[in-house]
Every structure is written in C-alpha cells, then in structure tokens.
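Worksheet: one structure, shown below.
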Amino acid sequence: MASKFPTVSELVSEARRLYSQEFGQEEHPTVAVCAPGRVNLIGEHTDYNQGFVLPMALPLVTVVVGGPTSDLEVTVVTNSEDVDEPRRMCFNMHGDGSQLSPGKPAWANYVKGVMHHYRARPLPGFRAVIASSVPLGGGLSSSASLEVAFYTFLQQLNPDDGDKVSKALACQQAEHTHGGVPCGIMDQFVSVLGREGHALLIDCRSLKATLQPLEDPQLVILITNSNVKHSLTGSEYPTRRKQCEEAASVLGKDSLRDATMKDLEDKKDKLDDVTYRRARHVIEEIERTTQAADALKSRAYKEFGKLMVESHNSLRDLYEVSCKELDELVAAAMEVEGVFGSRMTGGGFGGCTVTLLQAPAVDKAILHIKERYSGTPTFYVTSPSEGARVLSLA
Ligand code: GLA
C-alpha cells in the first residue's frame, strides 16, 4: 500500500517536542512555517534552458519552528534520521560573515545559504528546529523545500518586501552557492508559488506562472520512489547544462528556448552526436510541456499520459539521465489498465517516477509495480498542495 506520511500538524508537533527537548521544557517556539517538496509532471531539464515546466507542490513538506533570541547566537536542529552528521549547528553571527561559508554538517549549508542570500538585514539571532517529510535525495526537492521553508522563517523574524519571485530566486542562489548544484528555478519557484488543487505552468524565461487546475476526483498522481540514488547526479547535471549552452551557441541562440527542430537539423553537422541529442530532447520537451498543459486544461488525460511517456523515453535515450530502476518502474506502471502515463521526475539517475492514473486503479497499480520492480519501492498518493506558508502555533 501507499506510504502514510506525517501531516503538517504532526510535523509541527514533532518539531515543538524537539524544540523543548533541545532548549528546555520552559522554552517554546513563537513562529512556525512550512514549504513543500514538488513533483514535476512534465518539462524535465528545460528550466535552465529558459523553457516551460509543469510541476505541482506536494503534501510532503519541511516545517521550521523557532523564534528570535536577544543575542546573535544561531542554533538550528534537524530531526532528520537520514543524516549521519551532527543534527545541531550553532554559530555566532557577530564577525565577518565567514560563519555562513559552506562546511559541515552538509544539511546546514542550505540554512547558511538562505541566510547569506536573505533580502533584508539585519537578522537577529534565533533558534530553530527543522522537521521534514520530504525524502532526502529522492528527487522531490527536499533541499528546495528546506531553503524555502527557512526563507519563510526568516521573513517572520525580519520581513523583506514579500516579493515571491525574488524569494524563489534567492533560494535558488542558496542552492548554487551552498548546495553546490547549478539548478534551474523550477523547484524553489513551485515551493514558493504552488497552489492547492493546481499544477503550475512556469515560463522559466519570463518567470510568469500560470495555475492549471488539477483537482479531478477520478484522477490520482502516484509517486514511486525507486529508493536508489546513483552517484552520477553530482557531476552529470552541470555537464548537461554545459552541453545545452554549447548547442545554443552553435545555433546562434541565447538559449535552446529560442531554437526550433529546424534550426537544429540545419546545424546538425556542426554538432557532435551527444550535443545534438541533448538539444533535441530540450527542444522537443519544451514543446511537449505546452502541449501537456493544454491537454490538462481539456482533461485529455490520455494525451497527457502519452506525452509523459514520450518525455520519459527522451530522457532515457536522448538526454541519458534515467537509469535501469526508473525504466523498470515506468514499464511496470504502463502495464496496468487505468494508467494514463508514467515518467521519471526530477534530475534523474534515481529518485522517483510520477504516474497519472484513474483513481480506482491505484491499488492494483501499486501491487503490480511492487511485484515487477527488482528493488524496494515506496509509494506516495499525492494531490497538488499549497506553497510555502506561515502556520498557527495555537
Ligand atoms: C533538478 C533541478 C531543477 C531541474 C530538474 C530537471 O531538480 O533542481 O532545477 O533542472 O533537476 O528538470
């Protein structure tokens, strides 16, 4: 059966309990916030090519509770059991700012990165506890949800101008400088701007987002975690980005967003085979994403599912970011009656697949995928959820 994940209020209770345990039974947080992880329905590796993406925010979230202190001491504690590093990080903000340089523990780099790029000064000292239901390294943007949750927390201590796009961009910067991944804008953007009952069509060039209703009781969005993470992720992502930039420059374009398949075919002999295939994936995937958004609007789920499978095949064969486990999960899902489409989601080389299917088929699909998959999968039955928000502690 599908995994039961803690609700937001269960995570808040857990974080409050940990807060009192860490800081004393008499001590209580004054602020609580959360920000979601995301699943991308289609539009993979298009965001850093200025293309379109179609993600939705998840009910899996990172919660931060805490409050300001009267000195410049910063103490942050995480509840994560996945980290085999110290779960507590402390420093004093007095000094030259070097306390915010990346270091150990690794999870704290996201916190430091967000503090570094936060858009209002000065920040007071504070205590905070993090509790998350987003699986780490599962391709559901656990790091973006932590960055955006932390940014939202800092907004309660010393408000910035409240501009949401600037907030997402600051969190993306934190990922670049402190998370070591030159990511696009998708994850942070949807974690800030996601809406319950909607997917978000993001134009990654203009940064304009359009809400796409996705609230059909007949439909389920099933996420399957392969529970594998191949070490390639770190080095392959920047390589893909470079290959895309190189292709755009050979085509004489600012980005692959501006290129058509005709442009690519005309210059085919100027590109090596690998670069050609990378560019072809991106150009076609951008097109697929706008088609998928139209299909969703008219509830043409079969058409949407077909585009999902084409996206997966292209990520596997042209962009080469899938892996045996993800291919197995997609193949197994597609064997089930009532499944519209399935694909890998996120950066690739492990992590999750996303499957769109008829609601009554979900139990059968889970059983079948479990039976066919060579590893041990985890399932999440999800629906589009709200972006980052302040929570009540009452
Ligand atoms: C990661 C990055 C995103 C995006 C996806 C691939 O999740 O953080 O910006 O590039 O990979 O679509």
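Just follow the structure's listing: the first ligand is 1, and inside any ligand the first atom is 1. The basis for the numbers below is simple: all heavy atoms, side chains too, and nothing from hydrogens, waters or symmetry mates. Along the sequence shown, residues are numbered consecutively beginning with 1. These numbers were taken from a predicted model, which means no experiment stands behind them.
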Backbone, side chain, both or neither: what part of R38 comes under 4.0 angstrom of ligand 1, heavy atoms only?
side chain
If you count the atoms of ligand 1 from 1 in the order shown, which ones are under 4.0 Å from a heavy atom of D47?
3 (C), 4 (C), 9 (O), 10 (O)
Polar atom proximity, T46 to ligand 1 (N or O, under 3.5 Å)
no
Could you tell me whether N40 and ligand 1 have an N or O pair separated by under 3.5 Å?
no
Can you report which non-hydrogen protein atom sits closest to atom 8 (O) of ligand 1, along with the distance?
D187 OD2, 2.6 Å
Could E337 and K364 be called an ion pair, given the rule that one side-chain N must be under 4.0 Å from one carboxylate O?
no
Is any side-chain N of the basic residue among R38 and D187 closer than 4.0 Å to the acidic one's carboxylate O?
yes
Using distance alone, decide if ligand 1 has a nitrogen or oxygen within less than 3.5 Å of any nitrogen or oxygen in Y48.
no
Carboxylate-amine/guanidinium contact E265 K262, below 4.0 Å
no
Using a strict threshold of under 4.0 Å (side-chain N to carboxylate O), is an ion pair present between E27 and R127?
yes
Presence of salt bridge, K253 and D258, under 4.0 angstrom
no
Polar proximity ligand 1 side, G184 side, N/O cut 3.5 Å exclusive
yes
So that I can tick it off, tell me whether E245 and K242 are bridged by a salt bridge, with the cut-off set at under 4.0 angstrom between side-chain N and carboxylate O.
no
Going by the order shown, which atoms of ligand 1 are within less than 4.0 Å of some heavy atom of Y237?
1 (C), 2 (C), 3 (C), 4 (C), 9 (O), 10 (O), 11 (O)
Could you check whether the rings of F153 and F126 sit parallel, tilted or perpendicular, using 30° and 60° as the cut-offs?
perpendicular
Per-atom contacts of ligand 1 with M186, taking only distances under 4.0 Å to non-hydrogen atoms:
4 (C), 5 (C), 12 (O)
One finds that the ligand 1 atoms under 4.0 Å from a non-hydrogen atom of C183 are 2 (C), 8 (O), 9 (O)
